[in-house]
Amino acid sequence: MSSLTSSNTNEQTLLSLFQAGRHFEVVQQANALGLQPQLHPVPCQILAASCFQLAEYSRAGELLEQLEAALGGDTNFLSLYGANCRRLGQLDKAEKLL
């Protein structure tokens with residue numbers, strides 16, 4: 001299986017788990033896959049969203065900060081990042097993102 005196909009399969013698996021509300025399993029699966037924000041931006045965004053849902057705002061923030069260069073033009077990404085900054089009390093940054 002090619003790396004691209006594997007990446008798409010991993011993304012679909014994580015997305016399916018996320019949509020089912022199985023956020024802890026998203027985190028477990030992403031950890032097992034060894035995802036890196038620079039190499040796997042969309043799967044890492046799904047991971048960050050699951051961390052947000054699990055109230056792991058610091059971890060989500062670390063991921064989102066690393067993803068900003070790749071996904072900063074995506075309104076869904078900016079919304080998640082802004083909401084996470086708000087939860088961390090980074091209100092000025094949240095305002096800029098939202």
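Here, residue 1 is the first one in the sequence, and each next residue gets the next number.
- To the nearest 0.5 Å, the span separating CZ on Arg59 from OG on Ser50 amounts to 10.0 Å.
- Residue Asp92 qualifies as open at atom CG: its count of foreign heavy atoms under 6.0 Å is 12 or below.
- Thr13 is not listed as a side-chain neighbour of Val26, based on a closest heavy-atom distance of 4.5 Å or more.
- Under a cut-off of 6.0 angstrom, the local environment of CD in Gln66 is crowded, with over 12 non-hydrogen atoms contributed by other residues, nucleotides or ligands.
- Linking Ile, Leu, Val, Met, Phe, Trp and Tyr whenever their side-chain heavy atoms come within less than 4.5 Å puts Leu54 and Leu47 in one cluster.
- Follow the hydrophobic side-chain contacts under 4.5 Å out from Val27 and you never reach Leu35; the two are in separate clusters.
- Taking all atoms of both residues into account, the shortest heavy-atom contact from Gln36 to Cys44 is C-SG, 3.6 Å.
- Put simply, the side chain of Phe77 reaches to within 4.5 Å of the side chain of Leu64, judged on heavy atoms.
- Under the 4.5 Å side-chain heavy-atom criterion for grouping Ile, Leu, Val, Met, Phe, Trp and Tyr, Leu80 is connected to Leu71 within one hydrophobic cluster.
- Separating the CG atom in Leu91 from the NZ atom in Lys93 is a distance of 12.5 Å, to the nearest 0.5 Å.
- Between the CG atom in Leu78 and the SG atom in Cys85 there is a gap of 10.5 Å [rounded to 0.5 Å].
- Across every non-hydrogen atom of Gln45 and Asn76, the tightest pair is NE2-C, 4.0 Å.
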Please determine whether side-chain contact (heavy atoms from CB on, under 4.5 Å) holds for the pair Phe18 and Gln53, giving the CA-CA distance in whole Å, both sets of side-chain angles, and the decisive distance to 0.1 Å. CA-CA 10 Å; Phe18 180 84; Gln53 291 296 324; 4.2 Å; yes

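- The distance from the CG atom of Leu33 to the CD atom of Glu11 is 12.0 Å, given to the nearest 0.5 Å.
- Heavy atoms only, all atoms of each residue included: Asn84 and Ala60 are closest at OD1-CB, 3.4 Å.
- Taken from OH in Tyr81 to CZ in Arg86, the straight-line distance is 14.5 Å, to the nearest 0.5 Å.
- Annotation for Leu63 and Pro37: closest pair CD2-CG, 3.9 Å, computed over non-hydrogen atoms.
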The test is side-chain contact (heavy atoms from CB on, under 4.5 Å); show your working for His40 and Asn10 and say whether it passes. CA-CA 10 Å; His40 314 101; Asn10 293 337; over 6 Å; no

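- In this structure a side-chain-to-backbone donor-acceptor pair under 3.5 Å is missing from Ser79 to Thr75.
- Each salt bridge (charged side-chain N to carboxylate O under 4.0 Å, His left out) pair with one or both residues in residues 30-48, not counting sequence neighbours, would appear here, but there are none.
- Taking every heavy atom of both residues into account, Pro43 and Leu14 meet most closely at CB-CD1, 3.8 Å.
- Under the rule for a side chain to side chain contact (heavy atoms under 4.5 Å, CB included), the partners of Glu25 that lie at least two apart in sequence or sit in another chain are Leu17, Arg22, Gln28.
- In plain terms, the two heavy atoms of Ala83 and Leu98 that are nearest each other are N-CD2, 4.3 Å.
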